[in-house]
Asker: 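My structure is below; once you've seen it, I'll send some questions.
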Amino acid sequence: MEKRVRVRFAPSPTGGLHLGGVRTVLYNYLYARAHGGDFVLRIEDTDQTRFVKGAEEYILDCLKWCGLMPDESPVVGGPYAPYRQSERKEMYREYAMQLVGQGHAYFAFDTPEELEEMRRVLKTDEHSSVQYDHNTRKRMRNSLTLSADEVNDLLNNGTPHVIRIMVPENETIVFNDMIRGSIMFESNLVDDKVLLKADGMPTYHLAVVVDDYLMKITHAFRGEEWLPSAPVHLLLWQYLGWIADMPQWAHLPLILKPDGNGKLSKRDGDRLGFPVFAMNWYDPAKDETTMGFREMGFLPEAFVNMLAMLGWNSGEEKEIYSLDELIGKFSIERVHKGGAKFDFEKAKWFNNQYIQLTDNEKLADMVMPYITAQGQNPSKELLVKVVALVKDRCTLLPDFWAQGSFFFVTPETVDETLIRDAKWSENKELFFAAWTDKLNELADWTDVAIEQSAIDLLPSFSLKKGDIMLPLRIMLVGGKFGPGVYHIAELIGKAETIKRIKNIIKG
RNA sequence: GGCGUGUUGGUCAAUCGGUUAAGACGCCUCCCUUUCACGGAGGAAUGACGGGUUCGACUCCCGUACAUGCUACCA
């Protein structure tokens with residue numbers, strides 16, 4: 001019988017949730033849903049020095065906003081609790097000791113200074129960075145070079161120490177990656193990674209293996225930056241006797257910066273003017289907030305859809321997929337090997353598409369906060385109509401105010417030079433004066449009726465429709481943009497329409 | 001430096017040995033619209049380089065170049 005699929009997202013609570021992180025969540029989530037499995041959120045907070053308060057709640061909030069909620073997590077719990085590595089601290093030591101007992105790991109008493117010294121002394125032009133490995137461990141202070149008595153003394157004295165894996169010599173370590181196929185490493189080139197730190201906390205390497213095993217994870221998807229440490233993990237699965245239960249690996253391609261090279265960082269977003277985090281992230285240490293996609297005015301569905309297509313492709317021409325459709329289409333084998341540069345223009349295009357797809361009632365609810373933030377309190381009914389009229393020219397949620405403010409408030413500045421241009425004439429001035437009188441008496445205040453009343457009056461002034469369209473628009477809107485003028489007039493109402501015309505022609 | 005991974009238009013990308021090398025974003029032109037957008041039609045633009053293998057290579061193999069990741073008691 002096939003094992004139940006279980007995947008996990010395992011972030012460290014150190015800051016904002018990056019685009020790449022959300023995509024990792026997405027791929028995990030899609031895989032779990034497609035295979036009727038479980039999606040686990042595990043918090044990897046083993047680094048006391050990098051821990052940031054509030055980051056865990058923030059991550060959960062981001063997942064919630066994206067609609068990618070885990071089935072098991074520190075807050076909802078689950079059968080393999082606890083889901084915070086700091087709370088599982090005791091378990092790791094036990095396994096580390098097991099490895100020492102088996103001769104696959106050893107105690108190392110080297111101080112940071114000694115390590116630094118070793119690296120400095122051994123460094124050559126050919127080897128710019130020296131590893132703690134099968135070669136160098138022979139000259140360090142560890143349970144391999146010290147006598148059993150010395151080791152016991154040091155241990156009993158409470159001497160700070162770490163436990164390191166003893167990587168074997170002359171072995172070829174091979175494993176299969178669902179995206180990249182077979183990958184090989186020579187064990188001689190792999191270093192003796194620290195498994196358990198001096199503070200008793202495990203490093204990532206020990207913790208992932210132990211937790212993935214204990215939590216019965218079947219598929220492990222993570223960023224490509226983990227590929228080089230995969231051989232250590234494989235060795236651990238072997239030594240701990242769990243190799244038959246080792247999850248299938250998939251190392252996801254990186255998301256790169258749009259210009260130049262390298263992986264996308266928060267700094268690139270700041271520099272180029274787009275978000276990198278899912279939601280606003282407030283850094284308490286620096287007392288500064290970094291803009292998120294949500295606050296920029298993205299719809300979560302658009303954000304998720306955009307991320308899905310960054311590094312994966314269904315093979316069809318279609319690009320707009322709901323989450324349910326993605327669950328049906330997604331396959332890890334179709335994830336690309338190479339990194340993808342992030343393109344904010346394309347991201348905005350996705351959002352525009354989703355705005356068009358969202359019904360006006362829902363859209364009005366989403367837009368309302370942006371309108372009230374401007375001190376306006378339109379009725380839902382009005383907003384729905386406005387939204388319907390301007391949505392196709394809106395890409396981000398704040399665009400609705402920029403594109404529709406004139407529906408709620410008289411334009412503060414009207415560029416009158418646009419009205420009184422070369423084509424302006426006294427005759428037109430007289431037309432608008434006469435027309436406002438007619439409008440005042442217009443019973444049926446609809447766009448067609450308003451337009452008709454203008455058409456009826458135009459001939460008396462020897463004017464044509466085209467002569468008044470632009471001036472009228474500018475009087476009502478303040479500039480050369482927006483939907484049909486008569487629609488606008490209808491929505492802002494008779495009194496306001498007449499007022500805006502008179503504001504201009506009175507002088 | 002070493003090791004790993006990767007490389008189709010500016011960007012995202014399809015192709016899984018035989019195609020005029022899809023499509024999307026962006027850009028340009030035209031149409032629609034007496035505004036701006038939407039929409040429609042069209043256009044420019046791609047297989048890093050060099051060797052093989054093959055009747056035939058973007059597709060397979062080998063080099064080179066370039067890029068990127070890792071090389072912490074960080075994840």
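In what follows, chains are A, B, ... by sequence order, proteins preceding strands, each numbered from 1. This one's a predicted model, so the numbers in the text were calculated from it and none came from an experiment.
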Asker: Would you mind classifying the nucleic acid contact of I474(A) as base, sugar-phosphate or nothing, using non-hydrogen atoms under 4.0 angstrom?
Answerer: nothing

Asker: Between rC58(B) and rC73(B), how far apart are the two C1' atoms, rounded to whole Å?
Answerer: 47 Å

Asker: Kindly point out which of rU35(B), rG4(B), rA24(B) is positioned nearest to the side chain of F481(A)?
Answerer: rU35(B)

Asker: In terms of the nearest nucleotide of RNA chain B, which residue is placed more toward the 5' end: S128(A) or G482(A)?
Answerer: S128(A)

Asker: So, OP1 or OP2 of rA13(B): does either fall under 4.0 Å of a side-chain N or O from H336(A)?
Answerer: yes

Asker: Hey, does G479(A) reach any base, or is it just sugar-phosphate, or nothing, if we go heavy atoms under 4.0 Å?
Answerer: nothing

Asker: Of the options rA13(B), rG23(B), rC74(B), whose atoms approach the side-chain atoms of T203(A) most closely?
Answerer: rC74(B)

Asker: At under 4.0 Å between heavy atoms, what does P160(A) touch on the DNA or RNA strands: base, sugar-phosphate, or nothing?
Answerer: nothing

Asker: Using ring centroids (six-membered ring only for Trp), state whether Y321(A) and F350(A) fall under 6.0 Å.
Answerer: no

Asker: Establish, with yes or no, whether the OP1 or OP2 oxygen of rU68(B) is under 4.0 angstrom from a side-chain nitrogen or oxygen of K341(A).
Answerer: no

Asker: The side chain of D343(A) lies closest to which of these nucleotides: rC25(B), rG23(B), rC70(B)?
Answerer: rC25(B)

Asker: How many whole angstroms separate atom CG of L19(A) from atom C1' of rC12(B)?
Answerer: 14 Å

Asker: For the side chain of L189(A), counting heavy atoms from C-beta on, which of rG2(B), rC70(B), rU5(B) is nearest?
Answerer: rG2(B)

Asker: Which is true for G338(A) with a 4.0 Å heavy-atom rule: it touches a base, it touches only sugar-phosphate, or it touches nothing?
Answerer: sugar-phosphate

Asker: Looking only at side-chain atoms of K263(A), point me to the closest of rG26(B), rG69(B), rA75(B).
Answerer: rG69(B)

Asker: Name the closest nucleotide to the V194(A) side chain, picking from rC73(B), rG4(B), rC25(B).
Answerer: rC73(B)

Asker: CD of E44(A) versus P of rC74(B): gap in Å, rounded?
Answerer: 13 Å

Asker: Quick check for you: among rU68(B), rC25(B), rA75(B), whose closest atom lies nearest to any side-chain atom of E225(A)?
Answerer: rA75(B)

Asker: What nucleic acid atoms does S12(A) come within less than 4.0 Å of, heavy atoms only: base, sugar-phosphate, or nothing?
Answerer: sugar-phosphate

Asker: Looking at every strand, decide which applies to D110(A) at a 4.0 Å heavy-atom threshold: base, sugar-phosphate, or nothing.
Answerer: base

Asker: Between R393(A) and rU33(B), is there a side-chain N or O to OP1/OP2 distance below 4.0 Å?
Answerer: no

Asker: Has T49(A) got a side-chain N or O lying under 4.0 Å from the OP1 or OP2 atom of rC74(B)?
Answerer: no

Asker: May I ask you to decide whether D212(A) forms a salt bridge with R8(A), counting only side-chain N to carboxylate O separations under 4.0 Å?
Answerer: yes

Asker: Contact class for F185(A) vs. all strands (heavy atom < 4.0 Å): base, sugar-phosphate, or nothing?
Answerer: sugar-phosphate

Asker: Report the residue (N352(A) or V162(A)) whose heavy-atom-nearest nucleotide on RNA chain B is the more 5′ of the two.
Answerer: N352(A)

Asker: Is there a side-chain contact between R164(A) and the phosphate of rC73(B), meaning an N or O under 4.0 Å from OP1 or OP2?
Answerer: yes

Asker: What about W226(A) and Y204(A), are their ring centers closer than 6.0 Å?
Answerer: yes

Asker: Looking only at the side chains, is there a donor atom on one of N305(A) and E301(A) sitting less than 3.5 Å from an acceptor on the other?
Answerer: no

Asker: Mind checking G311(A) for me? I need base, sugar-phosphate or nothing, with any heavy atom below 4.0 Å counting as a touch.
Answerer: sugar-phosphate

Asker: Answer with base, sugar-phosphate or nothing: what part of the nucleic acid does A198(A) contact at a heavy-atom distance below 4.0 Å?
Answerer: base

Asker: Given rU5(B), rU35(B), rA75(B), which nucleotide is nearest the side-chain atoms of E224(A)?
Answerer: rU5(B)

Asker: Could you work out which one of rU71(B), rC25(B), rA13(B) sits closest to the side chain of Q131(A)?
Answerer: rU71(B)

Asker: Looking at F9(A), I'd like to know if the NZ or CZ of R42(A) sits under 6.0 Å from its six-membered ring centre while staying within 45 degrees of the ring's axis.
Answerer: no

Asker: Can you confirm if the aromatic rings of F303(A) and F293(A) lie within a centre distance of less than 6.0 Å?
Answerer: yes

Asker: Quick one: the side chain of K193(A) and the base of rA72(B), do they pair up donor-acceptor inside 3.5 Å?
Answerer: no

Asker: Between K318(A) and rA14(B), is there a contact of a side-chain N or O with OP1 or OP2 at under 4.0 Å?
Answerer: no

Asker: Would you indicate what M201(A) reaches in the nucleic acid, counting non-hydrogen atoms under 4.0 angstrom: base, sugar-phosphate, or nothing?
Answerer: nothing

Asker: Of all the nucleotides listed (rC25(B), rU35(B), rG4(B)), which has the minimum atom distance to the side chain of R473(A)?
Answerer: rU35(B)

Asker: Using a cut-off of less than 4.0 Å, is there contact between a side-chain N or O of R119(A) and OP1 or OP2 of rU71(B)?
Answerer: no

Asker: State whether K257(A) and D268(A) are salt-bridged, where the test is any N-O pair (Lys NZ or Arg NE/NH1/NH2 against Asp/Glu carboxylate O) under 4.0 Å.
Answerer: yes

